[in-house]
Amino acid sequence: MALLAPLRENERVRLAPRLFVWGFALSAVAVSAGGLLLDHIAAAKHVSGSGTVWLYPFFFGAVSVPAVVGALIATRRPRNSIGWILILGALSLAPVLAASPYAWVALRANPGSLPGGSWAALLSSLWPAFFAWPLAVAFVFPDGRLPSPRWRPYAFFAAGSFALLLLVLVTAKRLEHPFSDVPNPFPVRLPDALALLRSFAWLAMFASLFVGTAAVRGRYKRSAGIKRLQMLWLAYAALLIPLGVICFLLWGLLFGEPGDAVIAFLLGMQAAVALAVGVAVSRYRLYEIDRLINRTLVYALVTASLGLIYGVVSVVAGVAVGRGSVWATALGAVVVALAFRPLRTRAQAVVDWRFARPRYEGLRRVRSFVDDVRDGRREPEEIGTVLAAALRDPSAELLFRLPASDTYADSSGHVVAEPPDGEGALTPIEHRGQEIGLLRHRRDLLDRPDLLRSILEAASLAIEIARLRVEVRLQLVEVDESRARIVQAGYEERRRLERDLHDGAQQRLVTLGIVLRRLQRSLPREARVLGPALDSAVDEIGHAIADLRTIAAGVRPPRLDEGLAAALADLARGAPLPVDVEATEERLPPQVEAAAYFVVCEAVTNAVKHASPSRVRVEAMLADGGLRLLVADDGIGGANAARGTGLVGLADRVEAQGGTLLIQSPLGGGTRIEAEFPCES
């Protein structure tokens, strides 16, 4: 127990700041919730300006999101001032937002029911607090410190300009709308001689916003890697503000004043900036910023263009068919619907070309390759080289997934059981929800997920086609290897049978003949009458031996042991017509010699049976690392592999050894059979 006491004390020490942080954050949320409740009470009394229920989520989110995000950052990284700025921003914003409902209840719904109604009205006029904490974040983001010591005067200028503006608002003679009729309870007034100070304060405040923008820009230009991505998140949130202003201006020109939508937008920006800061500081989904900025620019451009198109079509149609016509509105909607897809495609290309040139060039290269594959101008297996060029990564390596064996293969068909290890990163490639490949690439491409994802999605169809082709090619290779193994097994079985016939039955018959001759010579004089019978038995044994030798020669000619030339010479001597043989004396692999011999044997047999030739010419020569075989006759021709099994068997035998067979047999022009076997000379 004594050992646990220091641990518990340390835990209490760590817990106290967390409770302090969350206490501040929850206080801001509670004030915001109280303001919503007071607004509901004022709406029940029909107070003008209250009761806009659809603004409640924006109202609550503008306070709660910065408060919660700030508390999370402050508890995890207490030395980073970003979290404390968010909490203080929520604490300053919540009273300003809740002040208007408080004043409505205290001054108009139930006058005198709540104390300090005029002070609440004064507090509600301090709306520049909306911009105070985002500006502070701009100066110290993302590490909680100024970009450099030379920025201290600018930071003091920004803080002083906001303090001066708040002083001018507090000492104003009249409060701002909707409490312009309420007397300012602050006892001090701004002298008339200092009236210009009010304009100067507003100008200084707006100038400080530009100074904050310059601070962000300067830090971004000097940053790299993760810090640059963090700055992009803040820049993205800040970019939404001018885009929103432009959209509201267009809306006002086309459809009239947006009204409370502006308030909702400003409130939403408070939450958006806080979320962007939270993502950047925590680095959660940090690398999604490129895609987010890209899509925001695209849809902002599309929205503005569609709004302009809708306005022009509505005006033109209204002039043609009458102002306020339903047909004009319907026509505008139809034109917008038809223009959306091509406009989005064009806007995406424009944004990529201007702001994401590597993505634009990479997608253009991949799509051009896919078109070439579709038109048959290029082979799908080249997709690996195209991806390496599109991603600007010469070391990129594409592997195709083989689901049947749960392995991978490259474009040449080399199979790997496991993805290669190395310094690069591995990114799986999917098509229709299934993994089709794996890309090994530089690790820095992981910092640009939009580029990597977009190019892989555009190339997924070509990758799938190449994968299927590689898989089929590997299966064909497996079939060829299986057939070669079967042929080799048959060849070995022929050799075994030939040995068994020669060393087994044939030797026994020879031994039996010798025994009978010895028996014949050892017979007594009176038993020599059995001599003719024994001579007949020995002759039959000789015939049986000759038959066995013929059978053994058919299974595998024994002269093949001396080489292909010797075996073909024996075949020519035993043929019923002249056979001219020209064969290499070099030894070849046994299976190649056997296959070549039986091809010649089958070809000569077919010629004798069906072609009626006067002579046959056989050539077996080495060329280009392989055996070239030719069997030609001067018979009637007309041989067709489709009408018989003999020629089909020749093709199977040749292809089983990885060779090729060509048959030329015009009617009346003889038959020419050419075969090529790959082998080692």
Side-chain angles (χ1 to χ4, degrees), residues 20 22-68 70-71 87-133 162-163 165-190 198 257 259-271:
F20 181 75
W22 282 103
F24 273 121
L26 293 178
S27 298
V29 174
V31 171
S32 175
L36 294 178
L37 179 61
L38 292 173
D39 185 81
H40 184 69
I41 295 174
K45 296 292 185 177
H46 307 288
V47 176
S48 176
S50 63
T52 310
V53 179
W54 69 272
L55 281 177
Y56 285 7
F58 295 93
F59 184 99
F60 188 74
V63 175
S64 60
V65 173
V68 173
I87 294 175
L88 293 176
L91 282 173
S92 63
L93 190 60
V96 173
L97 292 175
S100 292
Y102 188 96
W104 282 330
V105 173
L107 300 176
R108 295 175 182 172
N110 296 304
S113 60
L114 294 175
S118 58
W119 286 98
L122 173 62
L123 183 60
S124 69
S125 65
L126 304 182
W127 60 267
F130 275 66
F131 303 101
W133 74 262
F162 267 88
L165 179 59
L166 293 180
L167 178 63
V168 168
L169 292 175
V170 168
T171 59
K173 295 180 180 180
R174 295 173 58 88
L175 300 181
E176 295 191 355
H177 181 79
F179 302 107
S180 55
D181 58 335
V182 177
N184 189 343
F186 196 76
V188 180
R189 295 288 178 271
L190 185 67
R198 181 183 180 90
E257 292 299 325
D260 290 336
V262 176
I263 299 176
F265 174 76
L266 292 175
L267 293 173
M269 287 303 96
Q270 299 284 313

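In this chain, residues are counted from 1 in sequence order. Heavy atoms only: backbone and side chains are in, while hydrogens, waters and symmetry mates are out. Worth saying up front: this structure is predicted, and the values here are computed from it rather than measured.
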Any V182 side-chain heavy atom under 4.5 Å of L107 side chain:
yes

Which heavy atom of P183 sits nearest to which heavy atom of S118, and what is that distance?
O-CB, 4.1 Å

Tightest non-hydrogen contact, residues S125 and L169, listed as O-CD1, 3.6 Å

What's the shortest heavy-atom distance between A25 and A67, and which atoms?
CB-O, 3.6 Å

Any side-chain heavy atom of T171 sitting closer than 4.5 Å to one from F186?
yes

Would a distance-only check, ignoring hydrogens and angles, find a side-chain to backbone donor-acceptor pair under 3.5 Å from S92 to L88?
yes

Mind checking the CG-CD spacing from L122 to E176? Nearest 0.5 Å is all I need.
10.0 Å

Of all the heavy-atom pairs spanning P178 and R108, show the shortest one and how long it is.
O-NH2, 2.9 Å

Tell me whether the count of non-hydrogen atoms from other residues, nucleotides or ligands lying under 6.0 Å of CZ in R189 goes above 12.
yes

Gap between atom CG of L37 and atom CD1 of I41 - 0.5 Å precision
4.5 Å

Which distance, rounded to the nearest 0.5 Å, do you find between the CZ of F265 and the CD of Q270?
11.0 Å

Identify every side-chain donor-acceptor pair in residues 95-104 under 3.5 Å, counting partners at least two apart or on other chains, and give the distances.
{"unit_1": "Y102", "atom_1": "OH", "unit_2": "P115", "atom_2": "O", "d": "2.5"}

Just distance, no hydrogens or angles: give the donor-acceptor pairs under 3.5 Å from side chains in residues 52-60, sequence neighbours left out.
{"unit_1": "Y56", "atom_1": "OH", "unit_2": "D39", "atom_2": "OD2", "d": "2.5"}

Which heavy atom of A172 sits nearest a heavy atom of N184, and at what distance?
O-ND2, 2.6 Å

Just how far is it from atom CG of L166 to atom CH2 of W127, taken to the nearest 0.5 Å?
11.0 Å

Sort and list the pairs that fulfil ring pair (Phe, Tyr, Trp, His ring centres under 6.0 Å) and have at least one residue in residues 23-50, not counting sequence neighbours.
F20-F24

How far apart are the closest heavy atoms of A28 and V63, and which atoms are they?
O-CG1, 3.4 Å

Kindly compute the distance separating CG (L26) from OG (S32), expressed to the nearest 0.5 Å.
12.0 Å

So OG of S124 and CZ of F179: to nearest 0.5 Å the spacing works out to 5.0 Å

